[in-house]
Amino acid sequence: MSRYNPAGMEPRWQSKWDEEGVFCAAPDPDKPKYYVLEMFPYPSGRIHIGHVRNYTMGDVIARHKLATGHNVLHPMGWDAFGLPAENAAMALGKHPADWTRDNIAAMRAQMRPLGLSIDWVREFATCDPEYYGQQQALFLDFLAAGLAERRPAMVNWDPVERTVLANEQVIDGKGWRSGAVVERRELTQWFFKISDMAEELLTSLDGLAHWPAKVKLMQANWIGKSRGLQCTWPLVTPVCGHDGVEVYTTRPDTLMGASFVALSPYHPLIKALEGGNAALAEGGAEMRQSFERGDDREKAILAQMFQGGTSAAAVDAGEKIGYDTGLRVRHPLDPDWELPVWVANFVMMDYGTGAIFGCPAHDQRDLEFARKYGLPVRDTFMALKDPAPVTDRAFVPPKTDRVKWIDHFTGLREATGEEAIDAAIRFIEGKGCGRGVTRYRLRDWGISRQRYWGCPIPVVHCPACGVVPERKENLPIELPRDVDLSAPGNPLDRHPTWRNVRCPACGGEALRETDTMDTFVDSSWYFARFTAPGAKTPTDAATVARWMNVDQYIGGVEHAILHLLYARFFARALHRCGHLPETAVEPFDALFTQGMVTHAIYRSWDRIPDHSRPKSEEAVIIVPRYHYPEEVVLHQQGDKVVALLRSEMKEDKFDPENAKDRDDWLRAYERREIEIIPSAKMSKSKKNVVDPVAIIDRYGADTVRWFVLSDSPPERDVEWTAAGAEAAFRHLSRVWALSERIAGMDPSAPGAGDEGVLRALHRTIRDVTADIARFGFNSAIARLYAFTGILAKSTAGHAVQRQAMMGLAQLMAPMVPHLAEGIWERHGSEGLVVTAPWPRAEARYLAEDTVTLPIQINGRRKSDIVVAKDLARDKVEQLVLADAAVARALQGGTPKKLILVPNRIVNVVL
RNA sequence: GCCCAGGUGGCGGAAUUGGUAGACGCGCUAGCUUCAGGUGCUAGUGCCCGUACGGGCGUGGAGGUUCGAGUCCUCUCCUGGGCACCA
């Protein structure tokens with residue numbers, strides 16, 4: 001009788017799997033293929049418990065598919081380019097390449113003990129020249145296909161990272177990694193023309209049946225399709241070569257409510273005008289600054305704080321500023337109607353035409369602007385019920401609401417906004433002074449980064465030929481090893497020789513492009529590369545056709561827009577360039593977005609002397625101090641749990657592991673407990689992190705795997721608790737002990753209740769199989785707990801208990817593969833669990849010949865009866881009326897009604 | 001502000017098409033075992049009344065549909081997420 005010993009068992013089975021090559025994804029034409037992929041990690045150097053959850057989920061799917069006879073591809077790699085390596089280089093004096101390689105080695109070493117069913121032969125890192133060289137080849141193909149281009153553009157400049165960011169990488173006006181407020185700059189940059197595919201990327205979302213609706217919705221919102229009218233408002237007096245102002249609107253039906261035209265401070269006409277108008281130039285510059293630095297927003301927040309309120313509404317209001325340019329335009333529907341042209345800080349150059357017409361009655365921003373500067377407010381429609389002119393709130397009903405129109409130019413009287421918009425576009429197109437236009441919020445993907453540690457963009461700048469693509473035979477364009485990372489800016493710009501090349505076209509002296517690609521490019525096609533990681537072309541036609549699509553993709557919901565949208569674009573671009581079959585333009589058949597692992601935060605408050613104040617005063621500052629979970633011991637005190645610092649207890653010679661000591665210590669130092677802040681996202685600064693390596697060392701990989709799948713549904717966050725991890729370990733120990741007990745049974749001893757155990761086993765097989773298929777891992781585990789309980793109490797004979805134990809091991813195998821192999825071996829089974837065919841639930845054990853029929857009285861359950869399945873209605877009624885609880889309720893009377901749902905339920909209505 | 005997802009015991013959470021609410025785990029209570037304690041085992045555990053038999057209430061709140069509602073409908077409150085001067 002041996003004890004459960006994961007430390008001894010787990011490495012042994014891992015070697016065994018390696019020796020047998022069970023995870024090697026050699027194409028097997030006799031089996032259906034199945035490609036499982038988890039989003040690959042950034043090699044930060046340490047695995048995170050969130051990684052463990054992510055990869056364990058993928059592993060359950062992969063192992064289950066392996067057992068159901070699939071040819072499984074389950075690879076792993078590293079998203080290895082990116083800024084942290086450069087930062088580390090500066091901080092540690094270590095080359096980014098070395099830092100990255102070391103981190104990869106460290107993380108691989110931390111991941112391998114998890115026993116994941118990964119084909120490690122396919123492993124690669126995006127910083128391998130073999131990988132990024134192929135990416136450069138793709139870039140050249142995209143360029144040739146018109147999918148990439150170089151052009152000047154206003155870009156988001158992150159002053160901390162000293163590079164530009166894509167729109168998707170700017171969150172709340174701040175860089176997604178640095179958190180710095182981004183500035184706007186005009187730079188010549190490389191773009192992928194993702195906006196050309198906006199419509200396709202939007203409509204194809206409908207076909208993604210196995211994607212979460214939430215992710216599809218987020219993408220649809222991001223693409224942001226709108227239909228509207230674009231029309232010219234002629235200038236009364238042409239100026240600076242402009243005859244009129246192009247305006248885009250989604251509400252052409254409200255054209256008669258116009259009160260002014262407003263231009264973005266970046267509008268070309270404003271820039272042209274500023275030359276001759278000092279006041280305008282000053283005002284325009286001020287407004288642009290407010291865009292760039294968010295100045296007025298910050299000021300507003302500050303003002304609010306000093307006045308004691310920080311309501312989001314007040315801050316969000318954002319003061320509207322404008323200058324009257326003095327120009328006037330004619331209304332497109334009425335040449336006699338002249339309107340003023342303003343420049344306004346709330347008009348964006350990036351959307352529409354950078355010019356709007358203000359309709360204060362039906363737009364809150366325009367109303368605020370009009371009220372501030374005394375511009376007219378004209379109602380164009382009113383509510384059917386209680387029509388009233390607009391005063392301090394713009395009237396903006398949903399476009400599907402019917403409203404009453406005031407003297408509408410299309411002749412409408414009562415109509416919805418939608419109908420009015422359609423009518424207005426038709427009307428204006430008929431008059432020839434405007435056209436219906438569909439627009440998208442999605443803009444092109446700027447991929448240029450002024451950084452070292454990324455994939456070089458393979459083009460050359462030639463004084464004679466201009467921008468020339470590199471020749472494919474010269475790829476990969478490798479990053480130079482000898483770079484100076486100590487100074488700010490792009491080290492490739494400063495490199496003495498790397499830039500100097502011959503022009504691929506004319507052979508003259510030329511300069512290499514020094515921008516590198518956004519790291520999201522690296523992760524936009526790795527899934528395709530995994531199908532043939534050694535190919536001399538980006539993909540290999542036959543193998544990519546065999547393995548694509550990814551059948552199940554798993555990752556965090558934080559990539560719902562960025563990564564997944566780029567990957568969808570890339571798949572289409574790859575297809576156009578002949579690297580992916582058409583069937584793979586949507587590369588991920590099914591997507592699962594898993595929740596985070598969270599943990600409570602332990603915080604105390606330290607009083608430290610405040611040296612900035614004169615000594616005479618009571619000068620202390622109270623600062624928060626956070627504690628790692630392992631520094632804290634939890635103690636049950638009455639009905640509440642308190643956290644105590646182990647180190648403090650030890651200093652006072654108390655044993656933190658001893659409950660009585662904890663009690664004594666608490667009594668002696670009553671107020672030294674630590675605040676417990678409920679579950680939050682793990683964060684290093686709050687120290688609420690758990691180290692998977694430490695947990696694996698303590699309990700084994702199977703316990704960690706079991707735990708991260710337990711309790712919470714996988715799409716939701718799971719709270720890591722020490723008690724939960726203990727419970728997982730105890731359970732696995734009990735399963736092992738049960739297996740030992742059964743192994744030690746007398747094989748010939750008779751037993752009782754064989755049938756019941758087998759029924760329970762087959763029900764469990766049926767239910768666990770269904771649960772795994774629908775990602776209900778927490779439910780599957782609950783059922784395995786329940787079945788373990790039944791087996792543990794069973795008095796069945798040895799043969800049946802052994803069979804049940806083996807079935808249990810198989811069902812547990814995707815979650816706790818090492819333990820399952822151990823049990824399998826202990827009971828003398830052939831081969832490995834991992835390659836054994838998945839058990840089948842047999843119909844004869846699932847069929848029931850009796851049913852327990854709950855009896856409700858007036859809809860509330862009062863009793864139940866056991867009857868033969870499909871028993872005749874009148875027989876059931878007799879039994880129901882004879883039931884003690886029913887008789888008591890009837891008190892000799894007859895029920896008003898008796899509802900009988902066969903084999904399901906009975907309801908007696910009094 | 002707009003859009004989306006959720007609110008179920010002390011806690012994490014179960015609950016096919018409307019059909020026994022609270023599976024399973026944690027915690028707690030009692031007992032047993034070992035014992036200095038933890039561990040292990042057995043039983044109990046939604047709330048209220050009742051010694052018990054039993055009864056009443058109960059899935060954020062208020063209404064509604066139904067023989068029957070966690071599930072469907074209307075309104076409302078709260079929490080989390082996404083987007084946001086997008087014209």
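Chain letters run A, B, ... following the sequence lines, proteins first, then strands; residues in each count from 1. Keep in mind that the numbers below use all heavy atoms, side chains included, and drop hydrogens, waters and symmetry copies.
A:R365 has no side-chain polar atom (N or O) that falls below the 4.0 Å cut-off from OP1 or OP2 of B:G1. In this structure, A:K897 reaches the B:C67 phosphate: one of its side-chain N or O atoms is under 4.0 Å from OP1 or OP2. Proximity of A:K862 to the phosphate of B:G56: a side-chain N or O atom is located under 4.0 Å from OP1 or OP2. Contact annotation: A:R860 does not reach the phosphate of B:G56 (side-chain N/O to OP1 or OP2, under 4.0 Å). Contact annotation: A:Y351 side-chain N/O to B:A87 OP1/OP2 distance is under 4.0 Å.
A:R734 has its CZ atom 12 Å from the P atom of B:U39, to the nearest Å. Atom C1' of nucleotide B:C85 and atom CG of A:L263 are separated by 16 Å, given to the nearest angstrom. We find that CG of A:L564 is positioned 14 Å from C1' of B:G82, with the value rounded to whole Å. Atoms CG (A:N345) and C1' (B:A87) sit 14 Å apart, rounded to a whole Å. In this entry the distance linking CD1 of A:I857 with C1' of B:G56 reads 15 Å, nearest Å. In this structure, the CD atom of A:Q364 is 16 Å from the P atom of B:C85, given to the nearest Å. Summarising the geometry, the separation between CD1 on A:I781 and P on B:A14 is reported as 13 Å, rounded to the nearest angstrom. B:G82 atom C1' lies 12 Å from atom CG of A:L562, rounded to whole Å.
Look at the P atom in both B:G46 and B:C78: the space between them is 32 Å, to the nearest Å. Taking atom P in both B:U33 and B:C41, one finds a spacing of 16 Å when rounded to whole Å. Look at the C1' atom in both B:G27 and B:G13: the space between them is 14 Å, to the nearest Å. B:G9 and B:G60: their C1' atoms are spaced 15 Å apart (whole Å). Nucleotides B:U8 and B:G1 have their C1' atoms positioned 32 Å apart, rounded to a whole Å. If you take atom P in B:U76 and the same atom in B:G70, they sit 23 Å apart, rounded to whole Å. Comparing the same atom, C1', in B:U71 and in B:U59 gives a spacing of 10 Å after rounding to whole Å. Here the separation of B:U16 from B:C26, taken at their P atoms, is 24 Å to the nearest Å.
With distances taken from any side-chain atom of A:I561 to the nucleotides B:A14, B:G82, B:G27, the minimum falls on B:G82. When distances run from any side-chain atom of A:N778 to the nucleotides B:G54, B:G25, B:A14, the shortest one goes to B:A14. The side chain of A:K214 sits closest to B:G81 out of B:G81, B:U39, B:G19. The side chain of A:T250 approaches B:A87 more closely than any other nucleotide in the set B:A23, B:C86, B:A87. Side chain of A:Q856, nearest nucleotide from B:G27, B:A87, B:A21: B:A21. Comparing B:C3, B:C85, B:G54 against the side chain of A:F346 picks out B:C85 as the nearest. Checked against B:A15, B:C26, B:G13, the side chain of A:S779 finds its nearest nucleotide in B:A15.
Taking a pair to require two hydrogen-bonding distances under 3.5 Å in either a Watson-Crick or a G-U wobble arrangement, B:U42 pairs with B:A30. Across all strands shown, B:G1 pairs with B:C83; the Watson-Crick or G-U wobble distances both stay below 3.5 Å. Remark: B:G58 base-pairs with no nucleotide in the shown strands. Criterion, Watson-Crick or G-U wobble with two distances under 3.5 Å. Across all strands shown, B:G50 forms no Watson-Crick or G-U wobble pair with both distances under 3.5 Å. Figure legend. B:G25 is base-paired to B:C11; pairs are counted as Watson-Crick or G-U wobble with both atom distances under 3.5 Å. B:C67 is paired with B:G19 under the criterion used here, namely a Watson-Crick or G-U wobble arrangement in which both key atom distances are under 3.5 Å.
Contact of A:R774 with B:U16 (side chain to base): no donor-acceptor pair of N or O atoms is detected under 3.5 Å.
Classified by interplanar angle (parallel below 30°, tilted 30° to 60°, perpendicular above 60°), the ring pair A:H559/A:H563 is perpendicular.
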Would A:E715 and A:F592 count as a side chain to side chain contact (heavy atoms under 4.5 Å, CB included) if you check the C-alpha gap in whole Å, the side-chain angles of each, and the deciding distance to 0.1 Å? CA-CA 8 Å; A:E715 67 277 13; A:F592 189 87; 3.7 Å; yes

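A:V909 comes within contact range of the sugar-phosphate backbone alone, with a heavy-atom separation under 4.0 Å but no base atom that close. Contacts of A:T249 with the nucleic acid, taken as non-hydrogen atoms under 4.0 Å apart, involve only primed sugar atoms and P, OP1 or OP2. Contacts of A:N907 with the nucleic acid, taken as non-hydrogen atoms under 4.0 Å apart, include base atoms. Residue-level contact check: A:D711 touches the bases, meaning some heavy atom is under 4.0 Å from a base atom.
For the pair A:R716 and A:R251, nearest-nucleotide mapping onto RNA chain B gives the more 5' position to A:R716. For A:D366 and A:I905, each mapped to the nucleotide of RNA chain B holding its nearest heavy atom, the one lying further toward the 5' end belongs to A:I905.
In A:R774, the CZ atom is crowded: over 12 heavy atoms of neighbouring residues, nucleotides or ligands sit closer than 6.0 Å. No more than 12 heavy atoms of other residues, nucleotides or ligands lie within 6.0 Å of CZ in A:R698, so this atom counts as exposed by the packing criterion.
Tested against A:W342 for a ring-ring contact (aromatic ring centres under 6.0 Å, His included), the candidates A:F369, A:F260, A:Y323 yield a single pass: A:F369. Considering A:I899, A:V886, A:L898 in turn, A:L898 is the only one that fulfils the side-chain contact (heavy atoms from CB on, under 4.5 Å) rule with A:V906.
Regarding the sugar-base torsion, B:G9 falls in the syn class, its angle being within 90° of 0.
The closest side-chain donor-acceptor pair between A:Y4 and A:E740, if any, does not fall under 3.5 angstrom.
Atom CG of A:L205 sits about 5.5 Å away from atom CD1 of A:I223, to the nearest 0.5 Å.
The nearest pair of heavy atoms linking A:L808 to A:T788 is CD2-OG1, 3.8 Å.
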